[in-house]
J.: 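So that we are looking at the same thing, I have put the structure below in structure tokens.
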Amino acid sequence: MALIKTIKYGAGEIRIHDDYSKDKTVEETQRIVDEVSRLVMDFYKREAAG
């Protein structure tokens, strides 16, 4: 598991490792990105609705 990138976020940080996609096809990786994007968008829609 190699650390690919570290992103400072407020008082914490986000660490991205290569093990999430190391053994996955391009299609599987895209499906994961699409699902996470949908979850994030749903969260922001709920937040905006109040």
J.: Using the test side-chain contact (heavy atoms from CB on, under 4.5 Å), find all partners of I7 that sit at least two apart in sequence or belong to another chain.
T.: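 I7: side-chain contact (heavy atoms from CB on, under 4.5 Å) contacts with K5, I14, I16.
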J.: Compare every heavy atom of I4 with every heavy atom of H17, then report the nearest pair and how far apart it is.
T.: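 Here H17 and I4 meet closest at C-CG1, 3.9 Å.
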J.: Could you pull out every donor-acceptor pair under 3.5 Å between side chains of residues 43-50 and any protein atom, sequence neighbours left out?
T.:
none

J.: If you draw a 6.0 Å radius around CZ in R15, do more than 12 non-hydrogen atoms from other residues or ligands fall strictly inside?
T.: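 12 or below, so no.
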J.: Rounded at 0.5 Å granularity, tell me how far CE in M41 sits from CG in D34.
T.: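 If I round to the nearest 0.5 Å, the distance is 13.0 Å.
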